[in-house]
Q: 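Handing you a structure now.
Proteins get letters first, then strands, A, B, ... in listed order; numbering begins at 1 in each.
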Amino acid sequence: MSLFDKFEHLSDQYEEILRAGQDPFGMCLEKVVSPTSAIVNGQPVILAGTNNYLGLTFDPACVGAAQNAIANHGTGTTGSRFANGTYSIHRDLEKALADFLGHKSCIVFSTGYQANLGAISGLVGPEDTILLDADCHASIYDGCKLAGATALRFRHNSAKDLDKRLSRLGSEGGAKLVIVEGLYSMAGDVAPLAEFVEVTQKHGAYLFVDEAHSFGVFGEKGKGVAEAQGVLDKIDFYAGTFSKSLGSIGGFCTSRHPEFELMRCASRPYVFTASLSPSNVASVRAALGEIESRPDLRQKLWKNAKQLHEGLTALGLELCAPCAPIVAVKMSSRDDAVFSWNWMLQNGVYVNLAIPPGTPDTTSLLRMSMSTAHSEEQINDIINAFAGLIETKNPAKKSARV
Amino acid sequence: MYNQDDDLVFHKACKLLMPFNTNQIALSRETNIASDLEIDSVAIMNLIMEVEDAYDISFPMNLIAEIKTVGDLVDTVHQLKRE
């Protein structure tokens, strides 16, 4: 018996996708020219699916801070936060994030994935119960597994369904942690956080909100969907990532409970890995400063999101959610999505191909994320590429270009 | 173990699986939900939400992972209803 027999189905599916053209899951950017453009297969391509919401990856303040940190602190920490891997810059960043969100404790993790894995598996024990939104990210599902707790799914964005499941549990199931996201990464829809706050409080449960895609993007000051909906002070745990609006890599979790600091001893994904490299810590600290001092970054991002959302709506495309910096276009089938993804790349636009089981409700999507760094012209080029795609699929149809 | 023909839960499960049974295969306790009906893991979890509501029970995710056949699904419903 081979270890690889069980992957036969996966291998068949992957080969079918490869026969249709380029490899959507192994594409190589030969040169990254800017936050919104790259060279792929020797051709210039507009990047429309990088989660680089504020376009800070080439920001001079962030790049300069990272360069200085390498010179001053070295290329890596070579150790766990639990041992030799905590520098003053890690502590400073944690304090800055806690202060920014008005929380008492913040722990920085080495990736966004590990922030969810580490916070959830550290907080919740086998006697406790997790209730998670059905559309939560894989890192949340994996955190539940590592916690060894009873995990129950509730219907996406339905506080009513959560209420029903919490009522069903009653006093059974130990402490209860409810986990939702602020902005969902695939469809780009927003959680009704105020409703979730009400239901979790009613049942004496804790609320954990992952704002990976909404930190720096939503809210007047960029504090996420929780700020935008006026419930930031009611969230028990707030998780985020450094690899989206903050333009680096790493993750964090803050809490209004000072006891969260105990996770530094109890969370295996925190203890048993090397700490975030100095250059990443420094660029994130600089990026947080940009978020705090430059509301124009967010204003431009939302202007860009509106331009794309309106342009694609005018073409008659079916979009998954109201206007947000994530814009997902529904495709009729997986084959249609794979064909369309290839066509867009050949015509100079990189988008994300999202197919089941990585998508909600078994739909196939072409997913985009807008950036502050996109120009009006680039967004028009993206819209016009979609117009061309529609005409290629329906030669009788003529779409108006912008 | 219940005889499938006398088991109301089996019949209810078959009814809930109907929308997924695009090839109209005959369902039995031995039918493998993922491979025989070609339902992916997320769709199975969504189907189980329907079952949870039909019986007012909650399926912990670790139990869902062990459900391979229609019979497994039916037996888990009986087990959770007893608890």
Q: Across chain A and chain B, going purely by atom type as modelled, what donor-acceptor pairs are there at a distance under 3.5 Å?
A:
unit_1: M45(B); atom_1: O; unit_2: R153(A); atom_2: NH1; d: 3.3
unit_1: N46(B); atom_1: OD1; unit_2: R153(A); atom_2: NH1; d: 3.3
unit_1: N46(B); atom_1: OD1; unit_2: R153(A); atom_2: NH2; d: 3.2
unit_1: E50(B); atom_1: OE2; unit_2: R155(A); atom_2: NH2; d: 3.4
unit_1: E52(B); atom_1: OE1; unit_2: R165(A); atom_2: NH1; d: 2.7
unit_1: D53(B); atom_1: OD1; unit_2: K164(A); atom_2: NZ; d: 3.1
unit_1: D53(B); atom_1: OD1; unit_2: R165(A); atom_2: NH2; d: 3.4
unit_1: D53(B); atom_1: OD1; unit_2: R168(A); atom_2: NH2; d: 3.3
unit_1: D53(B); atom_1: OD2; unit_2: R155(A); atom_2: NH1; d: 2.6
unit_1: D53(B); atom_1: OD2; unit_2: R155(A); atom_2: NH2; d: 3.3
unit_1: D53(B); atom_1: OD2; unit_2: K164(A); atom_2: NZ; d: 3.3
unit_1: D56(B); atom_1: OD1; unit_2: R168(A); atom_2: NE; d: 2.8
unit_1: D56(B); atom_1: OD1; unit_2: R168(A); atom_2: NH2; d: 3.4
unit_1: I57(B); atom_1: O; unit_2: R168(A); atom_2: NH1; d: 2.8
unit_1: S58(B); atom_1: OG; unit_2: R168(A); atom_2: NH1; d: 3.3
unit_1: M61(B); atom_1: N; unit_2: A151(A); atom_2: O; d: 2.8

Q: Over all heavy atoms of both residues, which pair between A324(A) and G188(A) is shortest? Give the atoms and the distance, please.
A: CB-O, 3.8 Å
Q: Report the residues that fulfil side-chain hydrogen bond (donor to acceptor under 3.5 Å, both in side chains) with D72(B), sequence neighbours left out, ordered by chain and then residue number.
A: T69(B)
Q: Side chain to side chain contact (heavy atoms under 4.5 Å, CB included) with L47(B): which residues, sequence neighbours excluded?
A: L16(B), L17(B), F20(B)
Q: Might you confirm whether atom CZ of F25(A) has over 12 heavy atoms from other residues, nucleotides or ligands at distances under 6.0 Å?
A: yes
Q: Taking every non-hydrogen pair under 4.5 Å, which of V42(B), I48(B), L63(B), I57(B) racks up the most with chain A?
A: I57(B)
Q: Please give me the minimum heavy-atom distance between F109(A) and G118(A), naming the atom from each residue.
A: CE2-CA, 3.9 Å
Q: Below 4.5 Å, heavy atoms only, C-beta onward: do L132(A) and M61(B) meet side chain to side chain?
A: yes
Q: Let me know if I130(A) has heavy atoms under 4.5 Å from chain B in its side chain, its backbone, both or neither.
A: neither
Q: What residues form a side-chain hydrogen bond (donor to acceptor under 3.5 Å, both in side chains) with T31(B), not counting sequence neighbours?
A: none
